[in-house]
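These notes concern the structure reproduced below.
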Amino acid sequence: MSSTALFDEPGPRARRRIRVATVLGTLAAVALAALAVRQFAANGQLGYERWQPYATWPMWRYLLGGLWSTALAAVVSAALAMAFGLVLALGRLSERRWVRLPAAGYVEVVRTIPALLLVYVVLFALPRYGLDLPLFWKLVVPLAVSNAAAFAEIFRAGILSIERGQGEAGLAVGLTRGQTMRLIVLPQAARRVLPSIVSQSVGLLKDTSLGFVVSYAELLYSGKVLASFNGLLIQTYLIVALIYLVVNLSLSKLARTLEARQRLAVPKRRLARA
């Protein structure tokens, strides 16, 4: 049975349970959507005049500006989180106890803390000690700190999935441990965990909605401002939800595509070695 870096391939029974759960979940979602549409129609929320403003470019330009701010915060947060996460992963794998224990402690503690709490720390606690970050960084820093722990576990799992002989071969040809890790192990591990990195980035993108708390003009906050301006609360938030849905489904599809390619590449590598 093939496996990924983070979990085993589900068996026949597990796949059947997944299919049944998917069908039931889809039916429940369709039923709820039909009920919602019925209630909207009964309350006049589906009238043309209430949706017509969203057929104009100024509305979409404003919301797309919020989407750009969301993407910018997500990309910067992901870059910082991945860099710090890689350092933590290497720290957890270190042979030195004084490096390994603090890295493990950080990962275990931060994984239990909600990202919203970290946002509140940056927003309210740090300014009391003279550290008042710009608005953009009040969102990016807590997201990077929170997601670094998750990325650390992804990278650690990827490194541990590499066959021990790869590292031993690097040491045998005269490379140092650092060179072996940088030139041989990490490139292979990065390819293996790429689908998991994309999946974690989807969660990080959704977490940027916490910019609502710090008044950062990301997509959700832009929707709130727009709804308060035009009075179209339901319509605005449905459009915002649709934008999130399209973006996240696209990224999830990318993750599944990368994972499928990775599974196809494993037998090819085994045949090449044979």
Side-chain angles (χ1 to χ4, degrees), residues 1-18 75 77-112 144-204 251-274:
M1 181 180 296
S2 62
S3 62
T4 67
L6 298 180
F7 57 87
D8 291 331
E9 180 82 17
R13 292 184 179 179
R15 287 197 293 269
R16 283 196 297 270
R17 288 195 294 266
I18 292 172
V75 168
S77 300
L80 294 175
M82 281 190 279
F84 190 28
L86 179 59
V87 172
L88 289 171
L90 295 176
R92 292 203 66 177
L93 296 171
S94 174
E95 297 178 351
R96 296 178 176 83
R97 186 181 179 89
W98 62 271
V99 175
R100 185 174 65 253
L101 290 183
Y106 177 95
V107 171
E108 295 301 326
V109 171
V110 172
R111 289 175 66 189
T112 65
V145 169
S146 178
N147 284 272
F151 280 116
E153 290 300 274
I154 291 173
F155 285 127
R156 186 169 74 97
I159 293 171
L160 291 176
S161 72
I162 302 300
E163 295 78 2
R164 185 183 298 272
Q166 297 284 324
E168 293 174 350
L171 296 174
V173 298
L175 297 178
T176 64
R177 291 187 179 276
Q179 290 173 328
T180 301
M181 179 65 69
R182 186 177 71 254
L183 300 176
I184 299 177
V185 177
L186 283 181
Q188 297 182 72
R191 286 195 297 270
R192 292 191 181 186
V193 301
L194 187 56
S196 299
I197 289 175
V198 175
S199 297
Q200 181 63 31
S201 298
V202 172
L204 193 154
L251 291 175
S252 298
K253 175 63 176 177
L254 174 61
R256 289 193 297 269
T257 301
L258 292 172
E259 185 176 356
R261 290 182 178 179
Q262 187 181 88
R263 289 178 180 176
L264 291 174
V266 171
K268 293 180 180 180
R269 286 196 297 265
R270 289 175 179 173
L271 288 173
R273 295 192 190 114

Between E153 (side chain only) and A149 (backbone N and O only), is there a donor and an acceptor less than 3.5 Å apart? no
Using the side-chain contact (heavy atoms from CB on, under 4.5 Å) rule, take I162 and I184 through it: C-alpha gap first, then chi angles, then the decisive distance, then the call. CA-CA 10 Å; I162 302 300; I184 299 177; over 6 Å; no
Between OG of S199 and CG of L204, what distance do you get to the nearest 0.5 Å? 12.5 Å
R100 (side chain) donor-acceptor with S94 (main chain) under 3.5 angstrom: yes
In sequence, state the C-alpha distance, the side-chain angles, and the governing distance for I159 and M181, and then conclude on side-chain contact (heavy atoms from CB on, under 4.5 Å). CA-CA 9 Å; I159 293 171; M181 179 65 69; 4.2 Å; yes
Taking all atoms of both residues into account, what is the closest heavy-atom pair of A103 and L88, and its distance? CB-O, 3.8 Å
Check: Q179 side chain, T176 main-chain N or O, donor-acceptor pair, under 3.5 Å: yes
Inter-residue atom distance R92.CZ - L101.CG, 0.5 Å rounding: 10.0 Å
If I compare all heavy atoms of F155 with all of G85, which pair ends up nearest, and what's the gap? CD1-C, 4.0 Å
From I154 atom CD1 to L194 atom CG, the distance as rounded to the nearest 0.5 Å: 10.5 Å
Under 3.5 Å, is there a donor-acceptor pair between the side chain of S161 and the main chain of G158? yes
Please identify which of these residues, V202, T257, V198, meets the side chain to side chain contact (heavy atoms under 4.5 Å, CB included) condition with S252. V202
If you take all heavy atoms of R156 and L93, which pair is closest and at what distance? CG-CD2, 3.9 Å
Smallest separation among heavy atoms of A144 and L80, with atom names: CB-CB, 3.8 Å
For T180 and Q166, which heavy atoms make the closest approach, and how far apart are they? CG2-O, 4.5 Å
Looking only at heavy atoms, the pair that brings Q200 and F151 closest together is CG-CZ, 3.7 Å
